[in-house]
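Below is one structure; the comments refer to it alone.
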Amino acid sequence: MGDYTHEDQYMKIRRPWFRPDPELDRGEMEEMQREIAEEADWSGGLEVEEFSVVAGVDQAFHGDKAVSAAVVLRDGEVVERVDAVTEVEVPYVPGLLAYREGAAAAAALQRLELTPDAVLFDGSGRIHYRQAGLATHVGVLFDAHAVGVAKNLLCGYPVDEVDGLQEGERVRVEADGDVEAPAETTLGYAFQGKQDSSGRINPLYVSPGHRLDAETAVSLVESTVSAYKLPEPVRLADEHADDVKEEVVRDS
DNA sequence: GCGACAG
DNA sequence: ATCTTGTCGC
């Protein structure tokens, strides 16, 4: 038979029909996002302790090239680091980020030999106009546990003041009229990780992407925060993407 | 027309 | 995201 176990478990696209297609027009992209949101699972089920192998993905750009990097950590230790250079085909449009960066992120994830228990993305998950941000889109594409970690709030609103949050504190983010979801639906949380070296006060906006609930998503992010504001997997992926981008800049 | 907008 | 020096603060 051979090693079918590996073939069975590595990061693989399970729903190819949701591959971010740059040829679609805006209306078609938005419609696909609604379909993705219907497939998404935000019902929890696993405890934070069950996610021991966590990956972070992030992109860097140079001209029409996108550099995506994925870094996998196991109990705080880096166990794998990969990257992929692809062509950027779509401009940045708020609400359609997955069509610009999703394919690049997927390319990097497909190069992983390890199978992470969860993937952290640099962007929103459920905190999105159609509840299908980058983390939701790619999470559903791979049917993987996915979390969105954004530095800014795309939509929805924090139910309490977020200025002056202390480290570790979180404030629920609810849907408002800009979101295609019942009012008061919990989309995610504003979470205060470590402050910047300059004592900044802006929190991270964490939202579930796929296969976990908002509470588990924040707890998972909290468990991977080290000495910086960003959770370690994302911070290291960002760092690696920048390194690879420099190489791309060299031979150009 | 005005305002808002992940990376 | 990206382009960038000096500089405020612990």
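The structure displayed is predicted, hence computed values, not measured ones. To find a chain, count down the sequence lines: A is the first, B the second, and so on, and within it residues start at 1.
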Just to be sure I understand the geometry, which residues of residues 85-100 of chain A put a non-hydrogen atom under 4.0 Å away from DNA chain B?
Y92(A), P94(A), G95(A), L96(A), L97(A)

Positions of residues 16-30 of chain A (non-hydrogen atom under 4.0 Å from DNA chain B), listed by number
none

Partner set under salt bridge (charged side-chain N to carboxylate O under 4.0 Å, His left out) for E167(A), not counting sequence neighbours:
none

Could you check how far CG of D64(A) sits from P of dA1(C), rounded to whole Å?
19 Å

Between residues 165-178 of chain A and DNA chain B, which residues have a heavy-atom gap below 4.0 Å?
none

Quick one: list whatever passes side-chain hydrogen bond (donor to acceptor under 3.5 Å, both in side chains) with T224(A), sequence neighbours left out.
none

Give the stems involving DNA chain C, where a stem is 3 or more consecutive Watson-Crick or G-U wobble pairs (i with j, i+1 with j-1, and so on) under 3.5 Å.
none

Dot-bracket pairing map - DNA chain B, Watson-Crick plus G-U, both contacts under 3.5 Å, | cross-strand:
.......

Look at all strands and tell whether H62(A) reaches a base, only sugar-phosphate, or nothing, counting heavy atoms closer than 4.0 Å.
nothing

Tell me which donor-acceptor pairs under 3.5 Å the side chains of residues 149-163 of chain A have, and how far apart each pair is, sequence neighbours excluded?
| from | atom 1 | to | atom 2 | distance (Å) |
| --- | --- | --- | --- | --- |
| Y157(A) | OH | E174(A) | OE1 | 2.6 |
| E161(A) | OE2 | D163(A) | N | 3.2 |

Stepwise salt bridge (Lys or Arg N to Asp or Glu O under 4.0 Å) check, R235(A) with E239(A)
CA-CA 6 Å; R235(A) 186 182 72 79; E239(A) 194 174 72; 3.7 Å; yes

Distance test, side-chain N/O of K245(A) to OP1/OP2 of dT2(C), below 4.0 Å:
yes

Give the rounded distance in Å between these two atoms: CG of D238(A) and C1' of dT2(C).
12 Å

Numerically ordered, the residues 129-141 of chain A set in heavy-atom contact under 4.0 Å with DNA chain B is Y129(A), G133(A), L134(A)

Here the distance between atom C1' of dC3(C) and atom CG of D242(A), to the nearest Å, is 13 Å

Under 4.0 Å from a heavy atom of chain A: give me the 5'-most and 3'-most nucleotides of DNA chain B that qualify.
dC5(B) to dG7(B)

Those residues that, when tested against E215(A), pass side-chain hydrogen bond (donor to acceptor under 3.5 Å, both in side chains) (two or more places apart):
Y189(A)

Side chains of residues 80-94 of chain A: which donor-acceptor pairs under 3.5 Å do they make with residues two or more places apart or in other chains?
| from | atom 1 | to | atom 2 | distance (Å) |
| --- | --- | --- | --- | --- |
| E80(A) | OE1 | E113(A) | N | 3.2 |
| E80(A) | OE1 | L114(A) | N | 2.9 |
| E80(A) | OE2 | E113(A) | N | 2.8 |
| D83(A) | OD2 | H240(A) | NE2 | 3.4 |
| E87(A) | OE2 | K65(A) | NZ | 2.4 |

With no hydrogens and no angle check, just 3.5 Å: does a side-chain donor-acceptor pair link H210(A) and D143(A)?
yes

